[in-house]
Structures are given as C-alpha cells and as structure tokens.
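These notes are about the structure you will find just below.
Keep in mind that what you see is a predicted model, and the values were worked out from it rather than measured. So that the names make sense, note that chain A is the first sequence line, chain B the second, and so on, each numbered from 1.
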Amino acid sequence: MITKVFYCEDRPEAILTAIYDAWADSTPNREIRINLRSEAVQVSFVEIQIPVESSYEKAEKVLLSVSKRLGFRVHRLIEGALCAAENDKADAIFRFLQYAFSAGHDVSGEYGTPVVMRLFELDRKARRESHLMLGFTRFSILPGNIAFAKIGPVNDVLPLLADHFAERFNTQPFLIYDEKRHRSVVYTPGEKWYFLEGELDLSSQLPALADEYERLWKRYFDSVAIRERFNPVCQRTLCPLHFREYMIEFK
Amino acid sequence: MDVRMSLSIEEKLEILSDAAKYDVSCSSSGSDRAAVKGAIGSSQACGICHSFTSDGRCISLLKILLTNECVYDCKYCVNRRSRDTVRTAFTPEEVCELTMGFYQRNYIEGLFLSSGVVKSPDHTMELLYEVLFLLRKKYRFMGYIHVKGIPGADSVLLEKAGFLADRMSLNLELPTEAGLHLLAPSKKEENILGPMRHIQGGIHGNAAASKGVYRVTREKIGQTQDVNYLWETALTKEELGLQVYDGVQIPRGSDRNQVAAVSGSSFMSGVPSRIQATDRYTPSSLWLPESIHREDRNWLASGKLSGFVPAGQSTQMIIGATNETDFDIMSKAENLYQNFDLKRVYYSAFINTTHDSALPETPDGPPLLREHRLYQTDFLMRYYGFQAREILTPEAPDLPLLYDPKCTWALRHLEQFPVEVTRADYGTLLRVPGIGPTSAKRIVLARRTGMLTFDALKRMGVVLKRAHYFILCGGQQLYRTRINESFISSELIALDREKNWQLLRSTNVRQMDLFADFQLYQPNTNIISA
C-alpha cells in the first residue's frame, strides 16, 4: 500500500493548506499523512511525497468551516494546536478534523477519545507558554517611540500574543520579533497588526545607553525580593531559565 | 520626621519598594476590562505575572509606598515611627511616570499603591486619591490599580478612590483583636472591618464587579446555605451606605453616625435586610471635587473603568507574630469570605524586621511551611467547597505540616472512599486528593460521551500518584492498594518529603549570595549617608 505524505512548512497557514490539500485528495484518508518539512525526511519505497505550497486562501477556508460547523471551542483548540512545538501537530490536527467532521458537532469535551486528547494537549502546551509570554515579553523603546520586543519561545506563540498587545498598546506602534522563526508582528495605531517575514537585525537601532526605565526596573526587581524567603528553586519553576535570556531584569 | 524629597527617583524607588514588599498581595486578577481606543492599558480576569523574584514571588504590579513616613508605631512594621530609617516620598507625578514607563515596556500589569500614614488617615487617603486621579485622567492609564484603604479614613474618601481602583484592600494585620491591641495599639479592628463593610456595599452596587471564587464554588456544588446572599438581592443606596453617587454631594460628616451604626454593632453577623428587586444599583456618575470639570467627571463615570472596585477587596494577616492557632486564623478567613465577600485573604509568614521585645524571635526563619498549609486550606475553602471546621477543630487547632490539608481530611474520612469517578458528582470529585476544579470539570464533561480510563484521567490533569489510593475507574483501582489510614499516610508523606524539606530549610541552608555576603554592591547604606 502506498502512502501519500504531504510536506509543509511549520507555519499555521502552511499546515492548514496541507490539511486542505490532503482533504481534497481522493486517496482513502488512512493512507494520507501530513509531515512538517523540518522533520528528517525518510525516503521510503511505499511513500509518495507531495510538497505543499501554502496559501492563505485555503487556510482561511479550513478555519471558516471549522468555526461554522464545529463551533468556537474547536476553532480555539485548532488555533492553539497550530502553534504548538510538537512535530506531530500537523498530522494530529488532520486526524482530529477527520473525527470531528464525521461527528459533525463540538467534540472538544471528549477527553476520552485519543485524537481529541492529543489536540487538547497540544493546545494546552501552546497556550501555557503564550500566557506566560504575555507577562515575560519585554519591550524597549526605539527612537521614534516604537516599542520593540525580541522573543524566542519554544512554541510558535507569536500569533497568540498579537491580539493582546495590539489591544493593550493601541496608542503605541510596536514590533515583536520571534528570532527562532524569523517572523514579526507589526502594529501601528489605528490599523490591524500583520506578520512580517524574514530575519531582523535591530541591534544598530537600539539606543547605546541603557534606558533609564531599564535601570529603574532592575533596581526595583532586586529590592522587592525578601531575603528571608530566598527560594531560587521556586523561582526557577515559575520562571524557567530559557525565558530569562530575553528578560532585562536577569541580564 | 525628616523626609528627604531631594533623593533621586532611583533611590526613592529602592526605599519605597523595599518598604512595601512585605505586603503580600500582587494579584492582577478579577477585573476584565477591554482596552479603550486611545488609552493605554487593559486588564485580564485571569491576571498576568510579569516576573518572579529570587524568593519565588511573582511581580505583577509595581508595588510601592507613596511615602514611608508614618505616624503610627505598629511593632511589626518596617515603617514604624520609632524606627531609624531614611524617610522619603514620591510626588504624584513621579508615581505616574514610573507606572507608565514600566507599563509601556510590559514590565508590569499595573500599580499597587500603599502608603504610610502621613498626618492623619484622611490626609493620606486624599494623597492616594490624588495619584490615582492623575494616573487615570491625565495619563489615561487603563491598567490594573490596587489601592490600600487607610483604616480610619473618611468613608467618602475611600469611596472616591474606589471608583478609580480595580481592587481595594484593608489589612486586618492580625487575626484577633487581642493581637492587634498588643502589636498595633493605634489600630482598631472596627476601624478595619467598618470600611470593609462599606466597600462591600459599594461593590455589591457595581453590576460589573465579579463574584468571588468562594461564592462561585458554592453555587456550582449547590451549597449556598454557607453564604450570606447579599449578592443576589438589590439594595437601596441607603442600605449600601454609599454617599458618593449620582452627582449628589452629601456634606462630609453628616452621615458618619449612620455608617458607624452599620459598621459598629452588626458588622460581624449582620447583613442589611434583603429587599426583593430586580435591578442592582449602579452609580451613574460621581461626586468629585468642585475643581474638576464636568467632562472629567463624565469620563470617570462613563463605565470604562468598570465602576466601583470591580476586582473586589482583599486583606492580609500576619502569621506567627502572635500565638493564634490555625483554627483561629481560618475561622476568621471563613467569616470574611462569608460575610464580607472578600476576594482573597492573604497570609504572611512573620518576618522579624524590627526586633521589638513584644515580638517572637524567629531563629529558624519565617514559618513558611505553616503559611503554605494555610494557603492550601484557604484554597480548599474557596475552590473546593470545604468549611473551616471540616479541616480544623478547637480540639485539633493546628494543621499537620507533614502532608497537605486535603489528604489530612481524606485520611480522616476514609469511609467516603473509594470514589467511583465515572459516577461521582462534581462536589464529591473535588474532595479527592489529586483532583482539582479543572480536572473535575473535565471528568464530568468527558464521561458524558465516552469511557474513562486511568490514562485519560492522567492526561486530563488528575494527579494519579496522589489520587489512585482514593478512586475507582470503572470499578477498578489503578493498583491493588489497601484503603488503610497508616498505609496511605506513609505513602503520601514519602511523596512530599523533598518539597517539605525545602520549605522548612530554605532559610537555614542558604545559597551564598555575592551581593549580600561579600558586599559587591552597595545597599541602602550610602543613601543614608547621602
């Protein structure tokens, strides 16, 4: 039996496009797989590899039919899972959608069903980190009053952060750059935020002198700790080391 | 008292944050406010932590005192009048600039503003109000604000500040009146509970305010008889005891007797009588000083700020400075949740900073494990529907330190176990060690459509290593274990041994600290000599 394998980039819209293409394919579903391009490609005689050209149009269509036919909870699950760091996410979403569309209703509460449970786990992983990043993201103010933040999260949480900051800082132009995935979110007051692709080097733009508020913040950070309660293990549990690289108070 | 205003903002920040850090509350939760176009800030119901200090506590808010000058001499307090320390104060502009600067860089979720008592409680409350007003109006700050109510301040002043803040808190400081009398002779319990009752009335009148967890849990499990149902009833303005509303200005002082009557005699037991009505009273505009323009009043009253103290009120008690038992403390907390609709009660392990002769010495460091157990009990009351007397009794008034209070309860009630997870109701599931509100909710949802397995339970978030002694899934135990008190308790103690050890020892076995132990950095001392 020959399996068709759809290969796509690790981008939300690419995964959704792959799902669209795989769905449109006439091969019986169990003989279709979706892999991320980043995975080591194992050449096999019983696989046909089909690269996927990502298309925002197809991605939109998938999301639209999800929210129309399966409800907002499932839509939310898919959104979160698309941003997870796990390699099996594309295929997991595909399997989940096969199950959900055949059921034809909101299946988000069926934790006993393995495909649903897997999606729930992916969503939870991504959203846990995105919630932390709402607090841990640090902006510095560039000349021209543009707020700039560099992040390097484990999961692809940038799409999950954008709405929050666009709402909160609606008077302030800002740019959040994910240096692991070379993608940014750009926001200008009064407009919708958008993605900017590509590597970004703003180090020459950053002011040479330390910002006054950065100094104040570090001072504050040290002075509010209570020496008698010193507990770095607890601190590390709540604020793991890999986040600290991007947080000014730990530098 | 010599107050140095000429210090740099950096020095002031260090002094006034150092003086404020013993206040525990740092939550930014309970208020869900959408951003307003053209103004910076929003607030999320779940709260957001922005950093964690080396003691493992979260930083969510910029926690500072307006001034550390104080006319009181409370024996436990770092800012007591008789203590020899540098005194300084922020100007309102400085507080606003700091808040905005930090907020813009996403360092904080908002401001926690407290203060030492300058001149009088009224004067201090007025200063706090001034800062809040400036921050909301001039700087158009829509983030989270937690303000301290100053005990003994005029209720009109508390109300005015309450319309600008998200959360307000008055610290009970010590669990009993006797303790308060001993350590804080200038504070009186009625001066704290009276304003609390008053703020409760105001929150009740605010349709945008959220219910506390204590109440929500009891509604879910159908145990509403524990709670005074003030919340469901509509009260008149007079019953709420509010004076600031509808642009009507009640001359200050004229109503004080009436307020005192509400707060004086009946505040521990009495809840204003119920009135059947459909609408809750919502203030439409505010009484504000004459000097403020009408448009400003309208802006403040427009509802963008979600009305009076939308995130509710909280309080704090110091643990281990006086000899109250855990039973005393939790009964007090339960009373506050039931009768005052408090959102949170915080417990603060006593840290001896002043070394007053009336205070106990704590050579082993602050009682952190005891504090931890009290918080666990507090969560059992709020999220799990327990009553204080189920966990603690006058005969056994202290919590065991070896294992958590939920396990303690379960071991004493083994006749109620094992629980069959495929059938047990939500309230019963909540009482199983290892199952919490979130996993209980998921269990209830999942079993409607399919079979439950131990694997699925684990992936849903049930802590099986604790729960498996107490549950059946489809009639079976995970392992064949005995339901036997001594067996289970020894197993459970082994699970937590390491964590408890750390909490008990955290201060004795301290990691060397370059800054503190080798003076690589100049602490406060050079400010004092400056």
Is there a side-chain contact between A:Thr171 and B:Gln104, using heavy atoms and a 4.5 Å cut-off? no

Under a 3.5 Å threshold, yes or no: a donor from one side chain and an acceptor from the other, between A:Tyr111 and B:Arg447? no

Bottom line for B:Leu62: the part with an atom under 4.5 Å from chain A's heavy atoms is both

Determine whether B:Ile9 and A:Glu212 satisfy the following criterion, side chain to side chain contact (heavy atoms under 4.5 Å, CB included), listing intermediate values before the conclusion. CA-CA 10 Å; B:Ile9 185 96; A:Glu212 188 198 351; 3.8 Å; yes

Is a donor on one side and an acceptor on the other found under 3.5 Å between the side chain of A:Tyr220 and the backbone of B:Lys63? yes

Proximal component of B:Ala349, with respect to chain A [non-hydrogen, under 4.5 Å]: both

Should B:Arg105 and A:Asp211 count as an ion pair when the cut-off is N to O under 4.0 Å? yes

How close do B:Phe52 and A:Cys239 get, heavy atom to heavy atom, and via which atoms? CD1-CB, 3.6 Å

Of the non-hydrogen atoms in B:Ser17 and A:Val224, which two are nearest, and what is the gap between them? CB-CG1, 3.9 Å

Which of the residues B:Gly41, B:Ser42, B:Ala456 is involved in the greatest number of heavy-atom pairs with chain A at under 4.5 angstrom? B:Ser42

Between A:Phe174, A:Phe250, A:Phe148, A:Phe169, the one whose heavy-atom pairs under 4.5 Å with chain B are most numerous: A:Phe169

Shortest non-hydrogen contact from B:Arg442 toward A:Phe120: CZ-CZ, 3.3 Å

What is the distance from atom CE of A:Met117 to atom CZ of B:Arg459, rounded to the nearest 0.5 Å? 6.0 Å

Counting only heavy atoms not in B:Lys21 (residues, nucleotides, ligands), do more than 12 fall under 6.0 Å from its NZ? yes

Between B:Thr449 and chain A, with a heavy-atom cut-off of 4.5 Å, which part of the residue counts as in contact: side chain, backbone, both or neither? side chain

Atom group of B:Arg57 that falls short of 4.5 Å from chain A, counting heavy atoms: side chain

Chain B contacts, top residue of A:Ala149, A:Ala225, A:Cys234 (heavy-atom pairs, under 4.5 Å): A:Ala225

Chain A contact via B:Ser43 - which portion, at a heavy-atom distance below 4.5 Å: backbone

Decide yes or no on salt bridge (Lys or Arg N to Asp or Glu O under 4.0 Å) for A:Arg168 and B:Glu109, but give the supporting numbers first. CA-CA 11 Å; A:Arg168 170 164 294 191; B:Glu109 202 56 20; 2.6 Å; yes

How many angstroms lie between CZ in A:Arg227 and OG1 in B:Thr353, if you round to the nearest 0.5 Å? 14.5 Å

Could you pull out the closest heavy-atom pair between B:Ser51 and A:Arg138, with the gap in Å? CB-NH2, 3.8 Å

If one checks every heavy atom of B:Leu457 against chain A at 4.5 Å, the contacting part turns out to be neither

Return the option, out of A:Arg244, A:Arg236, A:Arg124, with the maximum number of heavy-atom pairs under 4.5 Å with chain B. A:Arg124

Using non-hydrogen atoms only, which part of B:Leu452 is less than 4.5 Å away from chain A: side chain, backbone, both, or neither? neither

How many angstroms lie between atom OG1 of A:Thr137 and atom NE2 of B:His50, to the nearest 0.5 angstrom? 9.0 Å

Counting only non-hydrogen atoms closer than 4.5 Å, does B:Met451 touch chain A with its backbone (N, CA, C, O), its side chain (CB onward), both, or neither? backbone

In short, A:Asn170 meets B:Ala35 closest at the heavy-atom pair ND2-CB, 3.9 Å

Rounded to the nearest 0.5 Å, how far does OG of A:Ser140 lie from CG of B:Asn106? 11.5 Å

Under the side chain to side chain contact (heavy atoms under 4.5 Å, CB included) rule, what do B:Leu13 and A:Trp217 come out as? Steps first, then yes or no, please. CA-CA 9 Å; B:Leu13 180 64; A:Trp217 173 243; over 6 Å; no

Hey, could you give me the CD/OG1 distance between A:Gln235 and B:Thr53, rounded to the nearest 0.5 Å? 6.5 Å

Segment of B:Cys58 engaging chain A (4.5 angstrom heavy-atom cut-off): neither

Honestly, the part of A:Glu167 sitting under 4.5 Å from a heavy atom of chain B is both

Quick one: OH on B:Tyr22 to CZ on A:Arg229, what's the gap to the nearest 0.5 Å? 10.5 Å

Could you report the tightest heavy-atom contact between B:Tyr107 and A:Tyr213, atom names first, then the distance? CE1-O, 3.8 Å

Do B:Ile48 and A:His164 touch side chain to side chain, with heavy atoms closer than 4.5 Å? yes

Which atoms of A:Glu249 approach chain B - backbone, side chain, both or neither, heavy atom under 4.5 Å: side chain

A:Asp222 versus B:Glu14: any side-chain heavy-atom pair under 4.5 Å? no

Less than 4.5 Å to any heavy atom of chain B: does that hold for the side chain of A:Phe243, its backbone, both, or neither? neither

